[in-house]
Amino acid sequence: MTAQIIDGKALSKSLREGFKTRVAQLGAQGVQPGLAVILVGDNPASRVYVGNKVKACEEVGVRSFHVGLAADTPEAEVLATIARLNADPAVHGILIQLPLPPHIDPRRVLEAISVNKDVDGFHLYNVGGLVVGNTIFPPCTPYGVQLLLDTTGTDVTGKNVVVVGASNIVGKPMALMLLQREATVTICHAKTRDLAQHTILADILIVAAGKPGLIVPQMVKQGAIVIDVGINRLPDGKIVGDVDFDGVKEKASWITPVPGGVGPMTVTMLIENTLRSAERALRMRQADDYQDWEAPVIHPVTG
Ligand code: GUN
């Protein structure tokens, strides 16, 4: 069997076309959605990611505010920048690119972002929302994976899902979202003994470990759906995922390529969350009982 390809580039393109209509609808009501992207320091990979986010925003008509801060910027100054963006009505989403320099506490910074503008979904409120099955802004990468899985027409209910990688950005929220959809979820991580004994049972295998070639065909069940979240640059400059694509595609029923699978979806879901935030801010402004702060309206993750 040769797997069918789950095309994240194509799905992203069609979603982004739909975004243009929503941007126009907001524009007709005098609102241009805005996303602020803060980059502290000059990590080359982060610079590329931030550049991609800003470019994608501009393509669909979302205004971007790129805030570049020097690597030695004091934490207090980063917090003051966030406070300014929290108060700016032209900004509907605030994202601070991770990782941060070691002198800055990422939790303190992430908690400073207004829950109403937390389009990355990393604030504790949104994380807690995932735990109980609701959140305002689902984190972008797992959200994108969920839509990619949906394109295969698979109902995850009762399926064995194995998530390899337990990061706060991908592995943990991914597991929670699929648990909410009543999958049987296993999370494996760097300390897991005999990874293959877990992965071989997966009907759906999601790999976000950051290790090229980690998943080889012997570790994959015949007919499994394989989602590769890894983005690794090899010494020769080639970009690969965590899965041996050429080998595993002969066993899987569906597989995402790298590049062109999960990567474009992460940026697309960031724009989705920014548009949702702008639409929500407009609803709040139009409501009779408008207040500066509204208790977040929660959306089911499955919605
Ligand atoms: N660093 C790696 N992935 C992400 C992401 O999704 N959001 C942010 N803010 N930083 C990241």
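Order of appearance sets the numbers: ligands from 1, and atoms from 1 within every ligand. Along the sequence shown, the residues carry numbers beginning at 1. Below, each value reflects all heavy atoms present in this structure, side chains not excepted, and no hydrogens, waters or symmetry copies.
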Compute the shortest N/O to N/O distance between Gln97 and ligand 1 and return yes if it is under 3.5 Å, no if not.
yes
When you compare the side chains of Asn126 and Thr135, does any donor N or O come within less than 3.5 Å of an acceptor on the partner?
yes
Heteroatom proximity flag, Ile169 to ligand 1, N/O under 3.5 Å
no
Side-chain ion pair, Glu279 and Arg283, N-O less than 4.0 Å:
no
Quick note on ligand 1: atoms under 4.0 Å from a heavy atom of Asp120 include exactly 6 (O), 7 (N), 8 (C), 9 (N)
Any ion pair linking Glu272 and Arg22 (charged N to carboxylate O, less than 4.0 Å)?
yes
What are the two closest heavy atoms between Leu147 and Met269, and how far apart are they?
CD1-CE, 3.6 Å
Tell me the contacting part of Tyr49 for ligand 1: side chain, backbone, both, or neither, using a 4.0 Å heavy-atom threshold, strictly below.
neither
Nearest neighbour in protein (non-hydrogen) for atom 1 (N) of ligand 1
Leu98 O, 3.0 Å
Donor-acceptor pair, side chain of Asn86 and main chain of Ala112, under 3.5 angstrom:
yes
Under 4.0 Å from a heavy atom of Leu95: which atoms of ligand 1 are those, numbered in the order shown and with their elements?
9 (N)
How many angstroms lie between CG in Leu275 and CD1 in Ile271, if you round to the nearest 0.5 Å?
7.5 Å
Tell me whether Ile96 has any N or O atom under 3.5 angstrom from an N or O of ligand 1.
yes
